Amino acid sequence: MIELAIAILVTLVALLMAISAKDIIRLLISLELLFAGVFLSLIPLFAKIPETAFAILVIAIFTSGAELLILISAIVIIDKLKRGVEIQKVSAGGDTE
Amino acid sequence: MTVMDLNLLVILIGALALSSAIGSLLTRDNFYSALYMSLAMLFVAGLYAFHDLQPSVVLITLVFVGAVGVVTVAIAATYRAQESRRISFAWALLIAIVSAIFVVRFPSSVSFKVLSDGIGFLSTYLLVVIFLLSMMVLVMLSAIKILKEVGR
């Protein structure tokens, strides 16, 4: 139960970091912290179904690795195209005028 | 140790993980933010270690802190806002001494148990691990290809 409370708090801190990020690096760090919250929330599952929980943990770790690779590529591409990694320079997506 | 002490230990490790996450949020420099993030990951691994989930501790420490954390720290150091500081030789010496003490005093039986657990997991989930590794290599090759095309 304590682990779940800590997981929720860490996730909240990570979400706050994501919405207040000014550059993409900080966004990447906040995503990794979100994964930390996910890992913490998996701990109670080990008490009930340990093998399934471990399989979920392995998949989550590999997912975070793949996410990191994709984000590194995105950061390098944005840096080359926009000459900077600030969030303001990325205008594509839902916030286009 | 009593149950109360163990609960206090969980709360202490959790509070340290949460403090590291808050430190990552509050610091202005990306480099220190990434360092705090790695510290929070280590405390998460510490909570797993508290519950004696040793294969999970090894996976989180090696893959998440060792690979993902270090790469994030390296990227954050590349795109950091402030000038880099010089590392004090006294701190480096202290870290070397503490690391040497840990290496000498670390019980070898723990590492053997972790190794046997890891081998047991690999023999059970060999296909899944190979599949996930192949997916990672595929993503890495795609990323390299995209970067090459953007570089032209």
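Note that this is a predicted model, so its numbers are computed, not measured. Proteins come first, then strands; the chains are lettered A, B, ... in the order of their sequence lines, and each starts at number 1.
At a 4.5 Å heavy-atom cutoff, the contact between A:L57 and chain B is made by side-chain atoms alone. Heavy-atom distances place both the backbone and the side chain of A:L16 under 4.5 Å from chain B. If you measure heavy-atom distances from A:I29 to chain B, the contacts under 4.5 Å come from both the backbone and the side chain. Contact annotation for A:E51: both backbone and side-chain heavy atoms come within less than 4.5 Å of a heavy atom of chain B. In this structure, no portion of B:L26 lies under 4.5 Å from any heavy atom of chain A. If you measure heavy-atom distances from A:I2 to chain B, the contacts under 4.5 Å come from the side chain alone. Only the side chain of B:A40 comes within less than 4.5 Å of a heavy atom in chain A; its backbone stays farther off. Only the side chain of A:S20 comes within contact range of chain B, with at least one heavy atom under 4.5 Å from a heavy atom of that chain. The contact between A:E3 and chain B is made entirely by side chain atoms (from C-beta outward), counting heavy-atom distances below 4.5 Å. Contact annotation for A:F62: both backbone and side-chain heavy atoms come within less than 4.5 Å of a heavy atom of chain B. Both the backbone and the side chain of A:L42 come within contact range of chain B, judged by heavy atoms closer than 4.5 Å.
The choice from B:S56, B:S38, B:G69 that makes the most heavy-atom pairs within less than 4.5 Å of chain A is B:S56. With respect to chain B, the highest number of heavy-atom pairs below 4.5 Å among A:M17, A:R26, A:K22 belongs to A:R26. Ranked by non-hydrogen atom pairs under 4.5 Å with chain A, the options B:L47, B:I22, B:L53, B:T72 are led by B:L53. Among A:D79, A:I70, A:L71, A:V10, the residue with the largest count of heavy-atom pairs under 4.5 Å with chain B is A:D79. When the candidates A:A47, A:A36, A:A14, A:G37 are compared by the number of heavy-atom contacts under 4.5 Å with chain B, A:A36 comes out ahead. Chosen from A:I24, A:L28, A:V13, A:T63, the residue pairing most often with chain B at heavy-atom distances under 4.5 Å is A:V13. In terms of heavy-atom pairs under 4.5 Å with chain A, the best-connected choice from B:S33, B:A21, B:G14 is B:S33.
If you take OG on A:S64 and CG on A:L69, they are separated by 9.5 Å, rounding to the nearest 0.5 Å. For the atom pair CG of B:D52 and CZ of A:F46, the computed distance is 12.0 Å after rounding to the nearest 0.5 Å. Rounding to the nearest 0.5 Å gives a distance of 6.0 Å between CD1 of A:I25 and CD1 of B:I75.
Scanning both residues, A:L4 and A:P44, for their nearest heavy atoms gives CG-CG, 3.9 Å. Taking all atoms of both residues into account, the shortest heavy-atom contact from A:F54 to B:P55 is CZ-CB, 3.7 Å.
For B:F64 and A:F39, the gap between ring centers is short of 6.0 Å.
The only member of B:S20, B:S24, B:S19 that meets side-chain contact (heavy atoms from CB on, under 4.5 Å) when paired with B:L39 is B:S20.
In this structure, the side chains of A:I61 and B:I60 come closer than 4.5 Å at one or more pairs of heavy atoms.
Looking at B:Y36, its side chain never comes within 3.5 Å of a backbone N or O of B:F31 through a donor-acceptor pair. The backbone N or O of B:G23 sits nowhere less than 3.5 Å from a side-chain atom of B:T27 that would complete a donor-acceptor pair. Formation of a donor-acceptor pair under 3.5 Å by the A:S41 side chain with backbone atoms of A:V38 is found in this model.
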